[in-house]
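What follows is a single structure, written as structure tokens, with notes after it.
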2 protein chains.
Amino acid sequence: MIVLDSVNKTYQVGGTPLHALDNVTLSIETGEYLSVMGPSGSGKSTLLNMIGLLDHPDSGSYLFNGVATETLPEQELARLRGENIGFIFQAFHLINRLTAFENIELPMVLAGEPVKSRRSSVRQVLDMVGLGDRADHKPNQLSGGQLQRVAIARALVMHPKLLLADEPTGNLDSVSGKEVIEVLEQLNREGITLILVTHDRHIGKRANRRIRMVDGKIEKDERQGKG
Amino acid sequence: MIVLDSVNKTYQVGGTPLHALDNVTLSIETGEYLSVMGPSGSGKSTLLNMIGLLDHPDSGSYLFNGVATETLPEQELARLRGENIGFIFQAFHLINRLTAFENIELPMVLAGEPVKSRRSSVRQVLDMVGLGDRADHKPNQLSGGQLQRVAIARALVMHPKLLLADEPTGNLDSVSGKEVIEVLEQLNREGITLILVTHDRHIGKRANRRIRMVDGKIEKDERQGKG
Ligand SMILES: Nc1ncnc2c1ncn2[C@@H]1O[C@H](COP(=O)(O)OP(=O)(O)OP(=O)(O)O)[C@@H](O)[C@H]1O
Ligand SMILES: Nc1ncnc2c1ncn2[C@@H]1O[C@H](COP(=O)(O)OP(=O)(O)OP(=O)(O)O)[C@@H](O)[C@H]1O
Ligand SMILES: [Mg+2]
Ligand SMILES: [Mg+2]
């Protein structure tokens with residue numbers, strides 16, 4: 001599903017070049033469950049944005065479902081994203097003038113889904129993340145962990161084939177965090193490819209395959225038997 | 001230092017009233033080290049904002065260093081905050097057009113500190129949080145955990161007497177997170193009153209006194225011996 005080959009992403013701030021991604025080569029099969037861990041600033045979010053077609057390499061290639069993505073126009077990337085990818089952002093990126101319900105509904109509105117099916121899908125994911133009684137709250141009327149759960153629900157509402165989760169439990173107590181991970185793992189068992197960036201080692205080690213990043217490089221890539 | 005008596009904070013969203021703080025009574029001595037834990041949405045940030053003079057009770061009283069705060073004008077609250085309180089926000093609240101250096105420097109600029117002492121204080125806290133080589137980056141050029149560390153540095157730069165930390169390690173790997181907690185605990189040993197909201201039980205249990213909130217109430221308030 002995902003084939004990154006010698007991907008580089010370099011920033012210039014002042015004098016020295018900063019290698020946010022340094023020669024990253026990585027293949028991920030459909031249906032895999034992968035965790036990505038590593039120190040703050042090691043390139044995890046940059047990697048996820050690249051995989052999620054929100055950013056493009058400076059060099060190297062990225063094949064998504066066999067399609068070479070580096071040369072695609074933005075319109076085509078947007079279509080691929082909309083049809084395939086759900087993204088839980090580390091900073092949530094919610095819309096402040098919309099309620100929780102409307103934020104979650106937004107991808108379906110943009111995809112032209114009819115009102116009735118939108119309503120039932122949004123209700124369903126709101127319940128999955130325990131926010132049924134917060135549907136009408138706007139972001140400034142929600143706690144940090146509730147905002148995180150709205151971001152999670154929004155990523156799930158269109159049943160994406162690829163789910164990218166950037167630290168989805170950082171603002172959640174251990175009970176809510178566990179519930180969220182169980183929801184994501186259930187979706188993975190149903191066939192969704194799941195890539196989870198986390199700082200929580202208890203969560204990271206639940207994945208079948210674990211990647212460790214340091215200074216923009218993939219330092220470790222281990223699989224473990226299921227069970 | 002802090003005396004909350006029967007403090008209530010109630011929101012109305014649509015029909016039903018929401019008791020974000022429900023009859024909270026709490027006394028905190030100067031120099032204490034307290035953790036506040038509890039489920040997402042239980043009122044921890046609301047409590048911290050109240051203590052930090054960023055919000056006021058709907059009923060009940062709050063004495064800060066013996067001063068009745070409910071009737072103070074905003075100008076006076078701002079002065080008390082500026083002179084006494086450092087706040088690490090759950091959502092960071094950094095200024096996007098300023099660099100990390102300038103964000104951290106801001107409280108000192110507002111307090112009229114001369115340039116030379118500002119520069120050395122900012123350099124010092126940047127090193128304490130491991131961001132010496134990111135000083136000139138703006139928020140959109142920083143990772144999630146780097147943003148969190150800028151927010152931490154900004155709260156420390158004026159050596160406040162009271163430090164309020166709302167989930168200061170949620171975006172940090174366990175190594176960076178531990179370093180941050182050790183910095184905060186060192187400041188507490190030097191006399192700073194430290195109130196730490198956290199979802200991480202390993203961190204929460206390091207405090208001498210542990211508060212648990214549920215549904216806007218203080219459900220538990222335990223002290224343990226030192227050592
Ligand atoms: N302006 C508001 N209007 C309505 N409800 C609000 C408002 N602000 C907060 N709330 C509600 O008050 C409750 C307490 O919020 P608070 O931010 O204190 O929770 P918290 O314990 O910090 O949660 P978390 O661990 O998720 O950060 C939440 O259930 C939230 O939905
Ligand atoms: N636009 C940019 N310009 C310059 N440097 C950047 C930019 N965006 C990111 N960086 C740098 O690239 C590095 C990788 O950032 P990234 O956000 O991928 O880290 P991360 O592993 O997700 O960290 P965290 O665990 O703190 O979220 C960081 O050191 C950051 O300072
Ligand atoms: Mg990140
Ligand atoms: Mg909070």
Side-chain angles (χ1 to χ4, degrees), chain A residues 11-16 18 20 37-46 48-49 89-92 94 99-100 129-131 133-149 166-167 169-177 179-180 197-202 204 212-214, chain B residues 11-16 18 20 37-46 48-49 89-92 94 99-100 129-131 133-149 166-167 169-177 179-180 197-202 204 212-214:
Chain A
Y11 294 110
Q12 292 277 355
V13 184
T16 35
L18 202 161
M37 303 190 69
S40 171
S42 56
K44 306 180 295 297
S45 295
T46 306
L48 224 61
N49 287 339
F89 296 99
Q90 189 171 5
F92 314 154
L94 301 179
T99 63
V129 297
L131 287 179
D133 59 356
R134 292 287 184 278
D136 300 329
H137 287 231
K138 294 206 166 94
N140 68 353
Q141 298 172 317
L142 292 168
S143 77
Q146 290 165 346
L147 293 172
Q148 187 152 41
R149 284 182 276 156
D166 198 345
E167 314 219 17
T169 64
N171 284 281
L172 299 178
D173 56 276
S174 46
V175 171
S176 311
E179 287 169 359
V180 160
V197 169
T198 182
H199 280 307
D200 187 327
R201 265 179 292 202
H202 301 290
R212 178 166 182 81
M213 288 191 73
V214 179
Chain B
Y11 294 109
Q12 292 278 353
V13 184
T16 34
L18 201 162
M37 301 191 70
S40 172
S42 56
K44 305 179 296 299
S45 296
T46 305
L48 224 61
N49 287 340
F89 296 99
Q90 189 170 6
F92 316 153
L94 300 179
T99 63
V129 298
L131 287 181
D133 58 356
R134 292 287 186 277
D136 301 329
H137 287 229
K138 294 206 165 100
N140 68 354
Q141 298 171 317
L142 291 168
S143 76
Q146 291 166 346
L147 293 172
Q148 188 152 39
R149 285 182 276 157
D166 199 345
E167 314 219 18
T169 63
N171 284 281
L172 299 178
D173 56 276
S174 47
V175 172
S176 312
E179 289 170 358
V180 160
V197 169
T198 184
H199 280 308
D200 187 327
R201 268 180 290 201
H202 301 290
R212 178 167 182 80
M213 288 191 73
V214 178

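Only this structure's heavy atoms are used, side chains among them; waters, hydrogens and symmetry mates stay out. Each chain gets a letter, A, B and so on, in the order the sequences are listed, and its residues count up from 1. Note that the structure is a prediction, hence the values are computed from the model and not measured.
- Expressed to the nearest 0.5 Å, how far CG of A/D173 lies from OG1 of B/T198 amounts to 11.0 Å.
- Of the atoms belonging to B/V13, it is side-chain heavy atoms, and not backbone ones, that fall under 4.5 Å from chain A.
- Looking at B/Q146, both its backbone and its side chain come within 4.5 Å of chain A, counting heavy atoms on both sides.
- Contact detail for A/Q90 and B/N171: the closest heavy-atom pair is NE2-OD1, 3.0 Å.
- At a 4.5 Å heavy-atom cutoff, the contact between B/S40 and chain A is made by backbone and side-chain atoms alike.
- Checked against ring-ring contact (aromatic ring centres under 6.0 Å, His included), B/F92 has no partners two or more places apart in sequence or in another chain.
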Exercise for review: Test B/R201 against A/S174 for side-chain contact (heavy atoms from CB on, under 4.5 Å), laying out the working first.
Suggested key: CA-CA 8 Å; B/R201 268 180 290 201; A/S174 46; 3.1 Å; yes
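- Using a 4.5 Å cut-off between heavy atoms, B/S45 does not touch chain A at all.
- Residues satisfying the salt bridge (charged side-chain N to carboxylate O under 4.0 Å, His left out) test with B/R134, not counting sequence neighbours, are none.
- Residue contact with chain A, scored on non-hydrogen atoms closer than 4.5 Å, involves the side chain of B/L18 exclusively.
- The distance from the CD atom of B/Q12 to the CD atom of A/Q141 is 11.5 Å, given to the nearest 0.5 Å.
- Taking OG1 of B/T16 as the reference point, atom CG of A/D133 lies at 8.5 Å (rounded to 0.5 Å).
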